[in-house]
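Okay, so here's the structure we're looking at.
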Amino acid sequence: MKTIEVLAVASEIYPLIKTGGLADVAGALPGALAEHGVAVRTLIPGYPAVTAAVKGARTVRAYEHLFGGPARLRSATASGLRLFILDAPHLYARPGSPYADEGGKDWRDNPQRFAALARVGADIGLGGATGYRPDIVHAHDWQAGLTAAYLHYDGGPRPGTVMSVHNLAFQGQFDAALLDDLGLPPQSFTPDGVEYYGGIGFLKAGLRLSDRLTTVSPSYAAEICTADGGMGLEGLLRGRADRLTGILNGVDTAVWNPAADPLIAAPYEAENLAGRTADRADLQHRFRLEPDPDATVFGVVSRLSWQKGLDLLLEALPALIAEGGQLALLGAGDDGLQRGFADAARAHPGRIGCIIGYDEATAHRIQAGADALLVPSRFEPCGLTQLCALRYGAVPVVARVGGLADTVIDASPMALAAGVATGVQFAPVNGPMLESAIRRTARLRRDRAIWKQVQANGMATDVSWRAPARRYAELYRAVIAERGG
Ligand code: ADP
């Protein structure tokens, strides 16, 4: 079988630079795809964290003038990833996050910064990096959305194109006056091109002009075709539904492995959960929870934002406590939510513990020590924390939306009788239904035999990248075949 060459275009890649799940996907897919005859190279911006981590990069192309300054396209290998790095100091050499300054304000020139990434992605796609011509260009999220537009409007033979949406809430919508500045021709400013509600839509352009579209779960793929979940793009997506596929994410099962996790107090395996008891005690201790063996310890590892539904959990806390539950929450984000959980911890010492911040080690300890992991998201494209929870034997308690609906089997009477349940789901997503899910979980845990079975089923679930990678490989082959390759 001929190796397929794929150029991925992404604004983040784990472990070099990460703000969310996109980085995990961009970092994990290349390795998983190698087993399927797919060779991936990834184009990323040369942020300070990237240029500092990458040694021995080779310049493969120079730009005298790329959106306001000189730039070099460099090729390198780092952390096992084959990379193209867009070294453009006037665009990327600055402190702060990839998208915003240290005060959290989006960089004013984000349209130029990410148009540059897409422009160079298109150039590589057209053979502009000496000796390399990919079969497929795979763009991730709005930051790479214009890649397909440049390839389309450049005209001439081009590689196949795939656009992936990791979260439709972020669309990259900018002023129409930038059209010329961004190197887009006047004829591109139509509903069939880059025009979107009177402006330029980066994600919209990618979704309109790519051969195939993917998102990160089958349920989310269906939801984004509806007025409720489409965030303005539902018409376009419905019209292209035959081009749209939902492929679940996986997790890195070497990083998330309870049998050999250096970040947790005691390792354990599915066949013997003895270590988990120590991890649970360790978690209670770290979060200053009472060392109560009967309490159901609920964990949360999350961004604190409206999407994640944690305001509903604040509402449900009295029910959680009344049920004899405890909460260990790790998260950062909205001020109001941070304050809400900090206040709750003060009001209920020993029952509610929270750590505000981003901390990988604590995330692992929650997965290893919590009885159940709460994910009450209003929408969730895929969700990674519930996948980690399955692997760690923390029973996921999730809203029945998006990827959460697709990855957890609710402990309904039928599923319990059939011995296949892996967690608890609730719908619709509101405070009372979350409360009832919390009660149901606490009751379930009181039946030790059933609880053990649910935990064991979760731990036996394949949450690796194996199956998803196969699906991406099939998708690439389909694109090549339909383009006559
Ligand atoms: P999203 O990408 O919408 O934030 P996901 O569930 O897809 O949500 O991915 C979140 C990832 O970030 C998971 O790997 C999770 O463990 C991690 N994470 C989220 N918040 C924190 C935190 N406060 N500390 C450590 N890890 C976190």
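We count ligands from 1, going down the list as the structure has it; atoms in each ligand are counted the same way. All figures in this text were calculated on a predicted structure; none of them were measured in a lab.
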Can you give each donor-acceptor pair under 3.5 Å made by side-chain atoms of residues 342-349, sequence neighbours left out, with the distance rounded to 0.1 Å?
unit_1, atom_1, unit_2, atom_2, d
D343, OD1, R346, NH2, 2.6

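Checked by atom type, the side-chain pair Y99/E12 shows a donor-acceptor distance below 3.5 Å. Q307 and N167 form a side-chain donor-acceptor contact under 3.5 Å, judged by distance and modelled atom types alone.
In this structure the side chain of D371 never reaches within 4.5 angstrom of the side chain of F298, judged on heavy atoms.
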(Q) Evaluate Y268 against T277 for side-chain hydrogen bond (donor to acceptor under 3.5 Å, both in side chains), listing each step before the verdict. (A) CA-CA 10 Å; Y268 57 92; T277 310; over 6 Å; no

Using a cut-off of under 3.5 Å, which N/O atoms of ligand 1 pair up with protein N/O atoms, and what distance separates each pair?
unit_1, atom_1, unit_2, atom_2, d
ligand 1, 2 (O), G21, N, 3.2
ligand 1, 3 (O), R303, NH2, 2.7
ligand 1, 3 (O), K308, NZ, 2.9
ligand 1, 4 (O), R303, NE, 2.7
ligand 1, 6 (O), L384, N, 2.9
ligand 1, 7 (O), L384, N, 3.4
ligand 1, 8 (O), K308, NZ, 3.0
ligand 1, 23 (N), G357, O, 2.8
ligand 1, 24 (N), D359, N, 3.0

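Side-chain atoms of S302 never come within 3.5 Å of backbone atoms of L304 as a donor-acceptor pair (strictly under, hydrogens ignored).
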